[in-house]
Amino acid sequence: MRVLGLYGSPRKGGNTDILLDEFLRGCEEKGATCERIRVARLQVGGCRGCGGCEKTGRCVVEDDMQAVYEALEKSDRVVLAAPIYFYNVPAQAKAVIDRTQALWTRKYIREEAAQGAAAGPDRRGFFIGVGATRGKRLFDGTLQTMRYFFDAIDVEYAGTLVYGEVDEEGAIRNHPTAMKECFETGLKLVSST
Ligand SMILES: Cc1cc2nc3c(=O)[nH]c(=O)nc-3n(C[C@H](O)[C@H](O)[C@H](O)COP(=O)(O)O)c2cc1C
């Protein structure tokens, strides 16, 4: 079982990093192999909307996204953790999401065989989110983005853990349930079939 953890915050050691570490610790405890990618360290430009991927199934832009495509395709589980920035994920993570348009194109335009076939048919995605405010609709836009992201990369959207009213770096450690929930959900995500 291979798990890809995408660290979506530019703040190293921040709240979503802490939660994803816990989540992946749970996955590893069940014997999964975890690959960790810190998205903000990559050089990934935005999608150019050029339609090049419709011709070949590959993105024409040669940057760090090429390594992310490879990692996505060989993973059985994809876990993205990101803070809310202006009611969506930070720009660096959004660039990665937009660039999965090449995978969307393979699935829906080119109708190529399921991606990640090497990893098997049971592929799942999970989102962990944190925001500072307490609004009821804080995560609405992002969760909609996640539905389409996981669909584009051809994994079943297995769930979400989101936490509002968390702002200061590391404040999530004081949350009454978040750390335990992430660890336990990591255990479950790799053990359930
Ligand atoms: C540029 C920027 C935009 C933000 N936008 C929002 C927002 O729209 N809603 C919100 O609740 N919090 C917002 N926040 C707060 C972060 O979501 C919050 O600090 C979070 O805990 C950061 O997580 P991290 O430590 O994993 O980076 C914003 C923070 C920054 C730096």
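Positions are given from 1, in the same order as the sequence printed here. Order of listing sets the numbers, starting from 1, for every ligand and every atom in it. Remember, it's a predicted structure, so these values are computed and weren't measured experimentally.
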Side chain to side chain contact (heavy atoms under 4.5 Å, CB included) evaluation trace for Arg77 with Cys27:
CA-CA 10 Å; Arg77 303 285 185 269; Cys27 297; over 6 Å; no
Atom indices of ligand 1 within 4.0 angstrom of [X] heavy atoms, with elements:
{"X": "Ser9", "result": "24 (P), 26 (O), 27 (O)"}
{"X": "Leu138", "result": "9 (N), 10 (C), 11 (O)"}
{"X": "Tyr87", "result": "8 (O)"}
{"X": "Gly14", "result": "25 (O), 26 (O)"}
{"X": "Val130", "result": "17 (O), 20 (C), 21 (O)"}
{"X": "Thr133", "result": "10 (C), 11 (O)"}
{"X": "Val166", "result": "18 (C), 20 (C), 21 (O)"}
{"X": "Gly131", "result": "11 (O), 17 (O)"}

Just need the protein heavy atom nearest to [atom], so name the residue and atom and give the distance.
{"atom": "atom 8 (O) of ligand 1", "value": "Phe86 N, 3.0 Å"}
{"atom": "atom 30 (C) of ligand 1", "value": "Tyr85 CE1, 3.4 Å"}
{"atom": "atom 23 (O) of ligand 1", "value": "Pro83 CB, 3.2 Å"}
{"atom": "atom 19 (O) of ligand 1", "value": "Asp167 OD1, 2.5 Å"}
{"atom": "atom 12 (N) of ligand 1", "value": "Ala132 N, 3.2 Å"}

Using the ring-ring contact (aromatic ring centres under 6.0 Å, His included) rule, pick out the option among Phe126, Phe150, Phe149 that qualifies with Tyr157.
Phe150
When you compare the side chains of Tyr7 and Asp21, does any donor N or O come within less than 3.5 Å of an acceptor on the partner?
yes
For ligand 1, is there an N or O atom under 3.5 Å from any N or O atom of [X]?
{"X": "Thr16", "result": "yes"}
{"X": "Ile84", "result": "yes"}
{"X": "Asp17", "result": "no"}

Is atom CZ of Arg110 surrounded by more than 12 heavy atoms (other residues, nucleotides or ligands) closer than 6.0 Å?
yes
More than 12 heavy atoms of other residues, nucleotides or ligands under 6.0 Å from CZ of Arg173: is that the case?
no
Hey, mind stepping through Gln101 and Trp104 against side chain to side chain contact (heavy atoms under 4.5 Å, CB included) and telling me if it holds?
CA-CA 5 Å; Gln101 175 70 4; Trp104 182 92; 3.6 Å; yes
Restricting to non-hydrogen atoms, name the atom on Asp167 and the atom on Arg11 that form the minimum distance, rounded to 0.1 Å.
O-NH2, 2.7 Å
side-chain contact (heavy atoms from CB on, under 4.5 Å) partner of Cys182, the single match among Arg25, Glu22, His175:
Glu22
Is Val155 linked to Tyr148 within one hydrophobic cluster, defined over Ile, Leu, Val, Met, Phe, Trp and Tyr using a side-chain heavy-atom separation of less than 4.5 Å?
no
Taking NZ, NE, NH1 and NH2 as the nitrogens, is one of them in Asp154 or Arg106 under 4.0 Å from a carboxylate oxygen of the other?
no
Quick one: look at Ile172 and ligand 1, take heavy-atom pairs under 4.0 Å, and tell me if it's side chain, backbone, both or neither.
neither
For Val68, does its backbone N or O pair with a side-chain atom of Arg99 as donor and acceptor, under 3.5 Å?
no
